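Step one of this worksheet: look at the structure below.
Protein chains get the first letters and strands the later ones, always in sequence-line order, with residue 1 at the start of each. Worth saying up front: this structure is predicted, and the values here are computed from it rather than measured.
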Number of protein chains: 2
Amino acid sequence: MFFSKTFGYAVRATAFVALYSENESRVGLREISEALDIPHHFLGKIMQDLVRHGVLESMKGPHGGFSVNERTADIKLSEILQITDGTLALETCAIGVRKCNPDRPCLVHNDLAAFKAVMVRSLSTRTIHELTIQLKEGKSFLF
Amino acid sequence: MFFSKTFGYAVRATAFVALYSENESRVGLREISEALDIPHHFLGKIMQDLVRHGVLESMKGPHGGFSVNERTADIKLSEILQITDGTLALETCAIGVRKCNPDRPCLVHNDLAAFKAVMVRSLSTRTIHELTIQLKEGKSFLF
DNA sequence: AGAAAAAAAGAGTTGAATCTCTTTATTTCT
DNA sequence: AGAAATAAAGAGATTCAACTCTTTTTTTCT
Ligand code: FES
Ligand code: FES
């Protein structure tokens, strides 16, 4: 796939926290990892990273856990991808060793080009807020 | 990416042989690997696999190398994918741990669905013959 | 027959992503 | 103050694709 597993884990966990940490309550790592079926130590590292980058807040100790901050709702998928993967894996040609180059399309380039545009746009447009709405309306699912 | 590097190598090498092995002449492993910039020992394994599955023919010894057979021109990209990757990596959800399921779309499912259909169709439709035509017409490139 | 050329086969290395285990630091509650 | 809960940090294990190196087999040519 063009996303790492880490990215999927990060997006789902962030959306999960956004859904369940309203009114000051926090969501524990264990709770997230069990609900979303993600190895919890591994998720721990990812959460640290998200907190470090200001996507979420965390608190240690009893009743500790993860919660949203002012920015969370407006975080775009592309920001999370930047944190987890560094870059979108669609820059290199799907079947080549070189960079994808529209002036020198490979055998599957044209099948990919339109999709790539859709995906880039989607990632840089959709926010956590938008995702939670979809989830609440039952239009998409976290697990 | 959703294709392995091996798949890209296999498709490009097969197309290369189809282009340059006409009228009984064979193409050597070294020649292919140098032209397409593929590690030659690694390509050797891939070629063996293609020969074993009847995609190409090979001959050892001086003037040995790889050549097409009756089937080669009609081989579909999906057949090569089957040999190299076993299956298309679009079956599992792009951000989940589970299988992709249209009845339970994840947060990016809809962005992917249309593309997936295009790609599956393209893979199961396009043949080596078609690729060589595109290459000859300068409409696509191998490297 | 013997040498050389080439693919085939076998076995090992590497690096990155993913996952696991253990220890530490921080916070809360009694 | 001390115990318990919880995230953070460190360090290591596992896995797999990708790659490399060496040896064997087959074929051709002199
Ligand atoms: S994907 Fe191959 S050139 Fe663009
Ligand atoms: S890609 Fe996630 S459910 Fe289809």
Side-chain angles (χ1 to χ4, degrees), chain A residues 1-10 12-14 16-17 21 24-34 36-53 55-67 69 81 83-87 89 92 94-97, chain B residues 1-10 12-14 17 21 24-34 36-53 55-67 69 81 83-87 89 92 95-97:
Chain A
M1 273 295 173
F2 28 84
F3 304 139
S4 68
K5 263 185 158 179
T6 298
F7 171 71
Y9 291 162
R12 292 165 67 221
T14 303
F16 188 85
V17 172
S21 79
E24 302 301 309
S25 78
R26 298 196 184 83
V27 188
L29 184 61
R30 251 354 203 284
E31 198 179 340
I32 306 171
S33 74
E34 279 167 20
L36 303 182
D37 196 20
I38 302 173
H40 87 275
H41 282 305
F42 190 45
L43 180 60
K45 303 300 174 65
I46 299 170
M47 298 307 280
Q48 280 172 47
D49 231 32
L50 294 174
V51 168
R52 235 181 270 121
H53 284 88
V55 172
L56 292 171
E57 299 301 307
S58 70
M59 181 78 86
K60 293 178 179 178
H63 306 300
F66 299 87
S67 57
N69 61 27
L81 188 72
I83 293 169
T84 59
D85 294 21
T87 175
T92 46
I95 64 162
V97 268
Chain B
M1 273 297 173
F2 27 83
F3 305 139
S4 68
K5 264 186 159 179
T6 297
F7 171 72
Y9 291 161
R12 293 164 66 221
T14 303
V17 172
S21 80
E24 301 301 310
S25 80
R26 298 196 186 84
V27 189
L29 185 61
R30 252 354 203 283
E31 196 178 341
I32 305 171
S33 74
E34 278 165 21
L36 303 183
D37 195 20
I38 302 173
H40 86 275
H41 282 304
F42 190 44
L43 180 59
K45 302 300 173 64
I46 299 169
M47 299 306 280
Q48 280 172 45
D49 231 31
L50 293 173
V51 169
R52 234 180 270 121
H53 285 88
V55 172
L56 293 170
E57 297 300 307
S58 70
M59 182 77 86
K60 293 178 178 179
H63 307 301
F66 299 88
S67 57
N69 61 27
L81 189 70
I83 294 169
T84 58
D85 295 21
T87 173
T92 45
I95 63 161
V97 268

message: Reading DNA chain D from 5' onward, which residue's closest nucleotide shows up sooner: A:H41 or B:F42?
response: A:H41
Which whole-number value in Å describes the distance from [X] [atom1] to [N] [atom2]?
| X | N | atom1 | atom2 | value |
| --- | --- | --- | --- | --- |
| B:R26 | D:dT26 | CZ | C1' | 12 Å |
| A:L29 | C:dT26 | CG | C1' | 15 Å |
| B:I38 | D:dA17 | CD1 | P | 18 Å |
| B:I46 | D:dT20 | CD1 | C1' | 14 Å |
| A:D49 | D:dA8 | CG | P | 11 Å |
| A:Q48 | D:dG10 | CD | C1' | 10 Å |
| A:R30 | D:dA4 | CZ | P | 17 Å |
| A:L43 | D:dA7 | CG | P | 10 Å |

Minimum-distance nucleotide to A:P39 side chain [options: C:dA6, C:dT20, D:dA18]: C:dT20
- request: Assign each of B:M59 and A:F3 to its nearest nucleotide of DNA chain C by heavy atoms, then name whichever residue's nucleotide is nearer the 5' end.
  value: B:M59
Along DNA chain C (nearest heavy atom to each residue), the more 5'-positioned of A:K60 and A:S4: A:S4
Check whether any side-chain nitrogen or oxygen of [X] sits under 4.0 Å from OP1 or OP2 of [N], and answer yes or no.
| X | N | result |
| --- | --- | --- |
| B:Y9 | D:dA18 | no |
| B:H63 | D:dC29 | yes |
| B:R52 | C:dA7 | no |
| B:S58 | C:dA8 | yes |
| A:K45 | D:dG10 | no |

query: Should A:L50 and A:M47 be marked as a side chain to side chain contact (heavy atoms under 4.5 Å, CB included) after you check the CA-CA gap, both sets of side-chain angles, and the distance that decides it?
result: CA-CA 5 Å; A:L50 294 174; A:M47 298 307 280; 4.2 Å; yes
task: Measure across A:I95 and B:F3 and return the closest heavy-atom pair with its distance rounded to 0.1 Å.
output: CG2-CD1, 4.1 Å
- prompt: Looking only at heavy atoms, which two atoms of B:L43 and B:A13 are closest? And how far apart?
  reply: CD1-CB, 4.0 Å
message: To the nearest 0.5 Å, what is the distance between CZ on A:F16 and OH on A:Y9?
response: 15.5 Å
- request: For side chain to side chain contact (heavy atoms under 4.5 Å, CB included), just list the numbers for B:E57 and B:S67, CA-CA rounded to whole Å, side-chain angles, deciding distance to a tenth of an Å, and then say yes or no.
  value: CA-CA 5 Å; B:E57 297 300 307; B:S67 57; 3.7 Å; yes
- prompt: Just checking A:F7: base, sugar-phosphate only, or nothing, at a heavy-atom cut-off of under 4.0 Å?
  reply: nothing
